[in-house]
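Before any comments, here is the structure.
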Amino acid sequence: MKVSIIGAGRVGSTLAYTLVVKEVVDEIVIVGRNRDAAEGDALDLQHAHLFVDRNIDIRAGEIADTAGSEVLVICASAPWKENFTDRLKAAADNTRLMEELIPPLAAASPDAKIVMISNPVDVLTWHAIRLSGFSPDRVMGTGTLVDSARFRDMVSEEVGIHPADIRVYSMGEHGDSQFLAFSCAEAGGEPLEDRPDRRAMFARAVGAGYEVFNKKGCTNYAIAMAATYLIEAIVTDARHTMPLSVLIDGYQGVSGVCLSVPVVVGKNGIVRWMKPELNEEEAEAFRASASVIRKVIVGTLREDKDV
C-alpha cells in the first residue's frame with residue numbers, strides 16, 4: 001500500500017507522521033517544493049518508524065517517484081496571507097498549482113484515489129477530477145469532515161455521549177456557507193434537537209479553523225488525523241460513512257460542483273453517495289453553497305474550459 005503526499009509543509013509532514021504512528025501503509029513518498037525539507041522529514045520519519053511494528057518504506061521524491069500509488073494526497077498550496085478569513089481567496093493561485101501537479105501525478109498512478117486537502121477544497125476537488133480524468137468516485141476532498149467532528153465533540157460534552165455515537169453532518173461548502181443537517185441528526189435513534197444554542201455551537205465549530213490558523217499560522221493536527229481516517233478507510237475497505245467533498249450529480253437539484261455530503265468510503269474510493277432527506281431550509285442552504293462554489297470555479301477556469 002503506497003501513499004504519496006504532495007506538499008511537505010506542516011499538513012503534509014503531520015500527515016506522514018500520523019500514517020506512520022497508526023501503521024496504516026507500507027510505503028510513503030513525500031514530494032515537496034523544498035527537496036531538502038522533504039528529505040529531512042523522510043529521514044526523521046525513518047528513525048521514528050523504528051518504534052512501530054510495521055516495516056514502512058519512507059522517502060522523499062519527485063512526481064516520478066509517486067508512480068503506482070494507491071492514494072495521492074494533495075496538501076500543496078500557494079502561500080497563505082496572514083489573518084485570512086476566506087479560503088476562497090486562494091482559489092486562483094491554487095488552481096494554477098493543481099494544473100501543474102495533477103496531470104503528471106494522475107499519469108504516473110492511473111489507478112490511484114486522490115484525496116484533496118488543499119483549500120478551497122471544494123473548488124480544487126472539482127479541478128482534480130477535471131485535470132486527472134479520473135472517475136468522480138476516485139476523487140474526494142476532506143471537505144467538512146473536521147467541521148463535523150468539531151461540532152460532534154462539542155455536543156458530546158453537552159449530552160454525555162461519545163462523539164463517534166453522535167450522527168450529524170455538516171454539509172455543503174467547507175467554508176462560510178456550510179450548514180448542519182439537523183433534520184437527520186441523531187444519537188441512539190433519538191433526534192438531536194435543533195436549538196439556538198446548538199446553532200451557536202456549530203458557528204463556533206465552523207470558525208475554529210480560522211481561529212487555529214490565526215493563532216499558530218496553520219492547522220495541521222486535526223486535518224492530518226481526519227485524512228488518515230479517510231486513507232485508512234480506503235486501505236482497509238472499511239466502508240465508513242463520512243462527509244466529504246465529492247462531485248454532486250442531481251442531489252437537491254444540484255449537479256456539476258463538489259460539495260460535502262455523507263458518502264461511504266472503501267478500497268475503490270467512494271462506494272456510495274448517501275442522500276439524506278433535508279428540510280426546506282437545509283435544501284436551500286445546500287443550493288446556496290453550490291452557487292458559491294460554482295461562481296468560484298467559473299472564476300478560476302481559463303477561457304477554453306466549461307463548467
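Note: hydrogens, waters and symmetry copies are ignored here, and every other heavy atom, side chains too, is used. Every value quoted in this text rests on a predicted model; they were computed, and no experiment measured them.
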Decide whether Leu131 and Trp126 are clustered together by the hydrophobic rule: side chain heavy atoms of Ile, Leu, Val, Met, Phe, Trp, Tyr closer than 4.5 Å, transitively.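 In one cluster: yes.
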The criterion is salt bridge (charged side-chain N to carboxylate O under 4.0 Å, His left out); which residues satisfy it with Asp165, sequence neighbours excluded? none
Heavy atoms only: give me the nearest [X]-[Y] pair and the separation to one decimal.
| X | Y | answer |
| --- | --- | --- |
| Thr219 | Val11 | O-CG2, 3.2 Å |
| Val168 | Ser148 | O-CB, 4.2 Å |
| Ile231 | Val71 | CG1-CG1, 4.3 Å |

Go through it in stages, so that I can follow the logic: the residues are Arg199 and Asp197, the test is salt bridge (charged side-chain N to carboxylate O under 4.0 Å, His left out), and I'd like the CA-CA distance, side-chain angles, deciding distance and then a yes or no. CA-CA 5 Å; Arg199 291 204 174 208; Asp197 61 319; over 6 Å; no
Might you confirm whether atom CZ of Arg287 has over 12 heavy atoms from other residues, nucleotides or ligands at distances under 6.0 Å?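 Above 12, so yes.
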Taking everything shown except Arg33 itself, do over 12 heavy atoms lie less than 6.0 Å from its CZ? no
Any salt bridge linking Lys2 with Asp26? Criterion: basic side-chain nitrogen under 4.0 Å from a carboxylate oxygen.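 Salt bridge flag = no for Asp26 with Lys2.
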Should Asp147 and Arg150 count as an ion pair when the cut-off is N to O under 4.0 Å?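 Salt bridge: yes.
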Looking at side-chain heavy atoms only, is the closest gap between Arg198 and Asp194 below 4.5 Å? no
Should Ile5 and Leu19 count as side-chain neighbours, where that means a heavy-atom distance under 4.5 Å? yes
Could you give me the CA-CA distance, side-chain angles and deciding distance for Glu27 and Arg59, then say whether salt bridge (charged side-chain N to carboxylate O under 4.0 Å, His left out) is met? CA-CA 8 Å; Glu27 187 176 355; Arg59 65 187 189 280; 2.7 Å; yes
Please confirm whether the backbone N or O of Val121 pairs with a side-chain atom of His174, one donor and one acceptor, at under 3.5 Å?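 Absent.
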Run the ring-centre check on Phe202 versus Phe182 and record whether the distance is less than 6.0 Å.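 That pair fails the under 6.0 Å test.
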Rounded to the nearest 0.5 Å, what separation is found between the CD1 atom of Ile63 and the OG atom of Ser69?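 The CD1 atom of Ile63 sits 11.0 Å away from the OG atom of Ser69.
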What's the separation between atom CG in Leu230 and atom CD1 in Ile223, rounded to the nearest 0.5 Å? 9.0 Å
